[in-house]
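Let me begin by presenting the structure, written as structure tokens, before commenting on it.
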Amino acid sequence: MGFVACGFAKAEPVEDGFAAHFRRWLDLDYCADMDYMRRNVEMRLQPDLLVPGVRTIVSLAMNFMPQSRQPAISLYAQGKDYHDVMRQRMRQLMEDCGLEGRCFVDTAPVMERYWAWRSGIGIITQEGGFISIPGYGPTVFLGELFLTQESDRYDSPLPKKESGRGAVCPALTPDGLDARRCISYLTIEHRGPLPDSLRLGATFYGCDRCLRATPQFAESKPTAEPAFQPSEALLQMTPNDWRELTEEQYRSLFKGSAVKRAKYDGLKRNIGRWLK
Ligand code: SF4
């Protein structure tokens, strides 16, 4: 069904060290305007508050590395919106296998990277705290099945690797990502004007710098998954085309794409800064 990794973890409360790190990250205001991170904190740390009776958490990953890319857009957003693609596959998987519970793709209070690590499918990298899947690197989407069924076996976390290069960006701190200083957050989630001091690099939607800086990025390889490939029209866009982007073009270029999260006005704001 297109998944590159699958692991099983017992649905227990998130370990103390991870929970404390998360609470500290919130206390430092590193979540910026993402107020949804402040809501349902207990639910995020205790899976049975989200799905009563949950016994097993299955972590799944899909490779999103496109075969070719539009350089102005972050790697993960070149094709169709992963929320829709993955949710549809996961629902199908649950139906085919007679699984009971719920599935989530980045839209519920779930510690996704923690569960991916806990269920043995990947390691958490130092640069940006990505999950890296052996053989596929950090260019993966994650999804979780919260099942009320017990498994006869559970997976163990992979050994931690401390071979990272460390922080490559001032937004990356020992206490986690400070979203207020992160280009990815500012160009995707943030509404309103961009900070005057912000300079954009190669991309005006998202930022792949820390993703590319992880040593495990060398393991990333292009996927054959059609849903995550960019369209011909997107590939052909030039800086001048971006400057002239109309709302109609925007709607057709990004139909069914995660880029719509920034809205037309947000994208025009980003493009204006990018071309400066
Ligand atoms: S996405 Fe870009 S701006 Fe954000 S932490 Fe990574 S390198 Fe820094």
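One-based numbering, in listed order, for ligands and for the atoms of each. FYI, the numbering just counts along the sequence from 1.
Short contacts between ligand 1 and L177, defined as distances under 4.0 Å to a heavy atom of the residue, involve ligand atoms 5 (S). When each atom of ligand 1 is checked for a heavy atom of C169 under 4.0 Å away, the hits are 3 (S), 5 (S), 7 (S), 8 (Fe). Listed by number with element, the atoms of ligand 1 under 4.0 angstrom from any heavy atom of S184 are 1 (S). Close contacts between ligand 1 and R209 involve ligand atoms 7 (S) [criterion: under 4.0 Å to a heavy atom].
In this structure, the side chain of E100 does not engage the main chain of Q149 through any donor-acceptor pair within 3.5 Å.
Between F64 and F141, the gap from one ring centroid to the other is short of 6.0 Å.
Not a single N, O or S atom of C207, from either the backbone or the side chain, sits less than 2.8 Å from atom 6 (Fe) of ligand 1.
A salt bridge is defined here as a Lys NZ or Arg NE, NH1 or NH2 lying under 4.0 Å from an Asp or Glu carboxylate O, and E189 with R261 meets this definition.
Exactly one of Y205, Y250, F204 qualifies for a ring pair (Phe, Tyr, Trp, His ring centres under 6.0 Å) with W242. That residue is F204.
A chain of hydrophobic side-chain contacts below 4.5 Å, direct or via other Ile, Leu, Val, Met, Phe, Trp or Tyr residues, connects Y36 to L186.
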